[in-house]
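Naming: A, B, ... by sequence-line order, numbering from 1 per chain. Please read all numbers here as calculations on a predicted model, not as lab measurements.
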Amino acid sequence: MKVKYFAWVRERIGKAEETIEPPAGVRTVEELIAWLSGRSEAYAYAFEKPKVIRAAIDHAHVRPDAAIAGAREIAFFPPMTGG
Amino acid sequence: MKVKYFAWVRERIGKAEETIEPPAGVRTVEELIAWLSGRSEAYAYAFEKPKVIRAAIDHAHVRPDAAIAGAREIAFFPPMTGG
Amino acid sequence: MTGPVTIRIQEDDFDIAREIAGLTKGRTDVGAVVSFSGICRGDEDSAKISALTLEHYPGMAEEEIRRHVDEAVSRWPLNGVTVIHRVGRITPGENIVLVVTASQHRQAAFEAAEFLMDYLKTSAPFWKKEESAGGTGWVEAHARDDEAAARWTKS
Amino acid sequence: MTGPVTIRIQEDDFDIAREIAGLTKGRTDVGAVVSFSGICRGDEDSAKISALTLEHYPGMAEEEIRRHVDEAVSRWPLNGVTVIHRVGRITPGENIVLVVTASQHRQAAFEAAEFLMDYLKTSAPFWKKEESAGGTGWVEAHARDDEAAARWTKS
């Protein structure tokens with residue numbers, strides 16, 4: 001599963017994208033955030049306020065309880081500030 | 001007192017402006033319309049539906065009961081259709 | 001308001017890009033610019049139109065627009081306003097009217113432009129005469145324009 | 001809808017006049033065109049800004065804008081829509097975003113442009129980083145933008 005990071009989530013983690021293989025028990029977006037947070041200090045810092053983090057699965061906004069099964073690409077980013 | 005006419009009011013009366021001296025008993029815009037209507041068939045036709053006619057005194061919209069005393073220029077026209 | 005106000009009534013066409021640049025060029029305090037251009041359509045309520053002729057009340061038209069621009073400036077934080085209304089003969093596809101508003105924030109720019117257009121439609125002394133295959137006739141005022149203008153009245 | 005839809009994300013500036021012409025040239029069914037341009041300001045909440053850098057999520061940004069354009073087209077009778085969002089480094093006074101809507105009637109053009117801007121602000125995946133004398137930092141989302149977008153939610 002490909003994961004992408006944007007804006008300060010990207011900066012804190014130190015990379016724009018990677019391929020991950022979370023264990024089977026990680027079923028939702030919020031569980032994936034918790035699992036990623038345990039990988040290193042950098043991930044823990046990026047996801048220190050999980051409620052602020054927005055997620056998209058295959059280019060569509062999703063809520064924290066969305067299932068990640070079947071996702072090709074999951075993205076994490078701060079609230080959008082375009083326009 | 002100068003009077004101006006616009007759009008189909010102008011066309012029906014057959015002139016764009018004129019100087020008039022209404023009698024002292026003509027005090028309001030609606031009384032002026034009634035007095036003008038009595039001048040000829042053309043005026044009667046222009047003002048046949050007085051409720052449709054809009055009026056301005058010295059470049060400001062006024063209501064039919066507005067006093068005409070002191071007016072330099074009174075204009076009569078149909079509802080506006082600009083923009 | 002810190003910014004230019006331009007009101008013009010003219011036979012010639014206008015250049016939207018130049019008018020927008022006139023409100024923004026060399027400035028860094030404008031965050032939002034809204035332009036509205038009204039264009040002569042080739043049909044109105046399914047009747048084919050070959051041209052419009054726009055008549056106005058010189059003097060009053062400028063003053064009436066100025067009064068509404070002043071009101072817009074007092075109601076919204078604007079950095080500049082441009083209103084141009086054409087008169088004379090205009091064929092389908094040609095511009096009729098332009099309103100440009102500049103502000104720090106988008107909502108002020110949008111609302112002020114809508115307000116000005118609603119008032120131009122109902123209270124600025126301009127009249128349209130239509131030419132079509134069936135002859136020429138004066139355009140009638142729309143009730144929907146009065147309703148649109150009424151929503152800005154303070155209660 | 002009978003008319004063009006253009007969505008572009010680009011580093012280069014855009015030409016508002018050309019984009020408006022793209023929705024109106026050679027047509028006689030468009031009566032109203034609204035353009036909104038968002039411009040980089042030189043100060044934000046009283047802090048001086050020397051530049052913005054705009055990052056986006058390629059692929060998703062275009063799709064997200066497309067979804068909202070499709071919704072605008074289904075909600076208002078439009079004759080054309082153009083949305084251009086710049087990315088990369090932008091200095092004060094430069095354009096950031098452009099929305100142009102064309103319709104027979106002005107209210108549809110105004111409302112669709114506002115709707116699109118409100119959604120671009122809150123739901124299109126773009127992020128702004130500010131450079132100022134005090135360093136660089138990511139712009140925080142405004143609650144007022146969420147509120148502006150919420151007004152379009154059908155209840």
Side-chain angles (χ1 to χ4, degrees), chain A residues 1-20 28-30 32-33 36-37 41-83, chain D residues 7 9 36-41 44 52-68 83-88 90 95-99 113-130 135-146 148-149:
Chain A
M1 166 184 307
K2 192 194 273 187
V3 189
K4 291 192 172 185
Y5 310 110
F6 294 95
W8 52 255
V9 176
R10 171 180 55 69
E11 288 182 340
R12 290 182 181 188
I13 291 174
K15 52 185 134 183
E17 63 177 87
E18 63 185 321
T19 300
I20 58 167
T28 66
V29 166
E30 59 199 339
L32 182 57
I33 288 175
L36 286 166
S37 299
E41 293 266 317
Y43 287 92
Y45 179 41
F47 294 116
E48 67 180 350
K49 290 178 184 162
K51 285 194 176 165
V52 173
I53 303 294
R54 307 296 177 94
I57 294 182
D58 297 336
H59 294 173
H61 292 291
V62 294
R63 299 163 65 101
D65 61 358
I68 62 170
R72 286 189 308 276
E73 181 173 302
I74 301 188
F76 294 104
F77 41 79
M80 285 73 73
T81 55
Chain D
I7 295 167
I9 295 170
F36 174 90
S37 32
I39 299 167
C40 177
R41 286 193 286 135
E44 181 76 48
L52 287 178
T53 301
L54 270 139
E55 176 174 335
H56 78 301
Y57 183 172
M60 179 173 171
E62 292 85 347
E63 290 172 33
E64 190 66 21
I65 295 171
R66 167 71 59 168
R67 280 191 281 269
H68 287 108
V83 177
I84 302 174
H85 204 305
R86 292 181 67 194
V87 290
I90 291 170
N95 290 316
I96 298 173
V97 62
L98 177 70
V99 168
E114 284 193 77
F115 167 87
L116 287 168
M117 276 309 305
D118 285 348
Y119 273 98
L120 278 176
K121 286 266 175 190
T122 56
S123 113
F126 292 85
W127 300 272
K128 290 193 187 99
K129 194 171 191 174
E130 276 174 5
T136 66
W138 292 94
V139 174
E140 288 199 35
H142 287 293
R144 66 165 181 261
D145 288 326
D146 289 327

Trace of the side chain to side chain contact (heavy atoms under 4.5 Å, CB included) decision for M60(D) with K4(A)
CA-CA 11 Å; M60(D) 179 173 171; K4(A) 291 192 172 185; over 6 Å; no
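In this structure, E63(D) and D58(A) approach most closely via the heavy-atom pair OE1-O, 4.5 Å. The shortest heavy-atom contact between F6(A) and P58(D) is CE2-CD, 4.2 Å. Looking at every heavy atom in both residues, V139(D) comes nearest to T81(A) through O-CG2, 3.3 Å.
Contact annotation for R67(D): only side-chain heavy atoms (C-beta onward) come within less than 4.5 Å of a heavy atom of chain A. For A16(A), no part lies under 4.5 angstrom from a heavy atom of chain D. With a 4.5 angstrom heavy-atom cutoff, E62(D) does not touch chain A via any of its atoms. Neither the backbone nor the side chain of T53(D) comes within contact range of chain A; no heavy atom of the residue lies under 4.5 Å from a heavy atom of that chain.
With K128(D) contributing its side chain and G83(A) its backbone, the two residues share a donor-acceptor pair below 3.5 Å.
Inter-residue side-chain proximity for H59(A) and Y57(D) is flagged as met; some heavy-atom pair is nearer than 4.5 Å. A heavy-atom distance below 4.5 Å is not found between the side chains of E64(D) and M80(A).
The stretch residues 50-57 of chain A places A56(A) near chain D, each with some heavy atom under 4.5 Å from a heavy atom of that chain.
F126(D) meets the ring-ring contact (aromatic ring centres under 6.0 Å, His included) test with H56(D), H85(D); sequence neighbours excluded.
When each of A75(A), G82(A), P79(A) is scored by its heavy-atom pairs under 4.5 Å with chain D, the top score falls to G82(A).
E55(D) CD to W8(A) CH2: the interatomic distance, rounded to the nearest 0.5 Å, is 12.5 Å.
More than 12 heavy atoms of other residues, nucleotides or ligands shown are found within 6.0 angstrom of CD on E18(A).
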